Visitor: 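Shown below is the structure under consideration.
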Amino acid sequence: QLRLVESGGGLAQPGGSLTLSCDDSTFTLGYYTIGWFRRAPGKEREGVSCISREDGSTFYTDSVKGRFSISRDNAKSIVHLQMNNLKPEDTANYYCAAERFTTPQAMCTGDPAFATWGQGVKVDVSA
């Protein structure tokens, strides 16, 4: 059974960088579209970036375009979210999710009701 574990969260200064990772010990991540979502205090969950299973197509929400980059290594069953030029408004709990038979845009902009979720990591961007 798929089990997602996020890592790489923490404290960063504005303008700084962090890399989040999502891996799965069962090495089956390659069968899924993977997405990174975040929930900031008092706000709804937001799809940040999603990546397709094989062809590498991606989706980014407008607020992170040009700053965040999602990538995956199916052989290692891991997905990364490189976050550059971090802003205080990026502060949130970040979760990775895996879902089959969906596209990156559909997953990130919809409600991935059938996704498997990780436990989340906290990202805090402050001076």
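It should be emphasised that the depicted structure is a prediction, and the values quoted were computed from it without experimental measurement.
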Visitor: When you look at CD of Gln105, are more than 12 heavy atoms from neighbouring residues, nucleotides or ligands closer to it than 6.0 Å?
Guide: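 No, not enclosed.
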Visitor: Hydrophobic clusters join Ile, Leu, Val, Met, Phe, Trp and Tyr when side-chain heavy atoms are under 4.5 Å apart, directly or via other members; which others share one with Trp117?
Guide: Phe37, Tyr95, Met107
Visitor: Checking Thr19 against Gln82: is there a side-chain donor and acceptor pair closer than 3.5 Å?
Guide: yes
Visitor: If you define the side chain from C-beta out and look only at heavy atoms, does anything of Val125 sit under 4.5 Å from Met83?
Guide: no
Visitor: To the nearest 0.5 Å, how far apart are OG1 in Thr33 and CD in Glu54?
Guide: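 It comes to 10.0 Å.
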Visitor: Going from SG on Cys96 to NE2 on His80, what distance comes out if it is rounded to the nearest 0.5 angstrom?
Guide: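 The distance works out to 11.5 Å.
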Visitor: Look up atom CD in Glu89 and atom CG in Leu86, then write down how far apart they are to the nearest 0.5 Å.
Guide: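 With rounding to 0.5 Å, CD (Glu89) is 10.0 Å from CG (Leu86).
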Visitor: With a sphere of 6.0 Å drawn around CD of Gln13, does it hold more than 12 non-hydrogen atoms of other residues, nucleotides or ligands?
Guide: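 Not buried by this count: 12 neighbours or fewer within 6.0 Å.
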Visitor: What residue among Leu20, Asn93, Leu11, Leu81 forms side chain to side chain contact (heavy atoms under 4.5 Å, CB included) with Val123?
Guide: Leu20
Visitor: Which atoms form the tightest heavy-atom contact between Gly8 and Leu18, and what is the distance?
Guide: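 The answer is O-CD2, 4.0 Å.
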Visitor: Can Trp36 and Glu6 be said to form a side-chain contact (heavy atoms from CB on, under 4.5 Å), step by step?
Guide: CA-CA 10 Å; Trp36 283 97; Glu6 301 99 331; 3.8 Å; yes
Visitor: Side chains of Arg38 and Val64: does their closest heavy-atom pair fall under 4.5 Å?
Guide: yes
Visitor: Out of curiosity, does Tyr31 fall in the hydrophobic cluster containing Ile34 (side-chain heavy atoms, cut-off under 4.5 Å, transitive links)?
Guide: yes
Visitor: Which heavy atom of Asn84 sits nearest a heavy atom of Ser17, and at what distance?
Guide: OD1-OG, 2.9 Å
Visitor: Can you list the steps and then say if Glu46 with Ser63 is a side-chain contact (heavy atoms from CB on, under 4.5 Å)?
Guide: CA-CA 11 Å; Glu46 174 186 31; Ser63 63; 3.9 Å; yes
Visitor: For residues 106-123, which residue pairs pass the salt bridge (charged side-chain N to carboxylate O under 4.0 Å, His left out) check, not counting sequence neighbours?
Guide: Arg45-Asp111
Visitor: Indicate the atoms forming the closest heavy-atom contact of Arg72 with Gly30, along with that distance.
Guide: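 Shortest heavy-atom contact: NH2-CA, 3.7 Å.
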Visitor: Enter the distance from Ile78:CD1 to Ser7:OG here, rounded to the nearest 0.5 Å.
Guide: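 The CD1 atom of Ile78 sits 6.5 Å away from the OG atom of Ser7.
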Visitor: Shared ILVMFWY cluster between Leu2 and Ile51, side chains joined below 4.5 angstrom?
Guide: yes
Visitor: Under a 3.5 Å threshold, yes or no: a donor from one side chain and an acceptor from the other, between Ser77 and Asp23?
Guide: no
Visitor: Check Cys50 against Gly35 and note the closest heavy-atom contact, atom names and distance.
Guide: SG-CA, 3.5 Å
Visitor: Mind listing the closest non-hydrogen atom pair of Ala127 and Pro14 along with its distance?
Guide: N-CD, 3.6 Å
Visitor: How many angstroms lie between atom CD of Gln1 and atom CG of Asp24, to the nearest 0.5 angstrom?
Guide: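 Here the interatomic distance stands at 10.0 Å.
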Visitor: Within a strict 4.5 Å, meaning less than it, do heavy atoms of the Asp90 and Phe68 side chains meet?
Guide: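 Heavy-atom side-chain distance check passes, below 4.5 Å.
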Visitor: How about Arg3: does its CZ atom have over 12 heavy atoms from other parts shown lying under 6.0 Å from it?
Guide: no
Visitor: Quick one: do Phe59 and Cys108 satisfy side-chain contact (heavy atoms from CB on, under 4.5 Å)? Show the steps, please.
Guide: CA-CA 7 Å; Phe59 173 88; Cys108 261; 3.2 Å; yes
Visitor: For a 4.5 angstrom cut-off between non-hydrogen side-chain atoms, does Leu29 reach Leu4?
Guide: yes
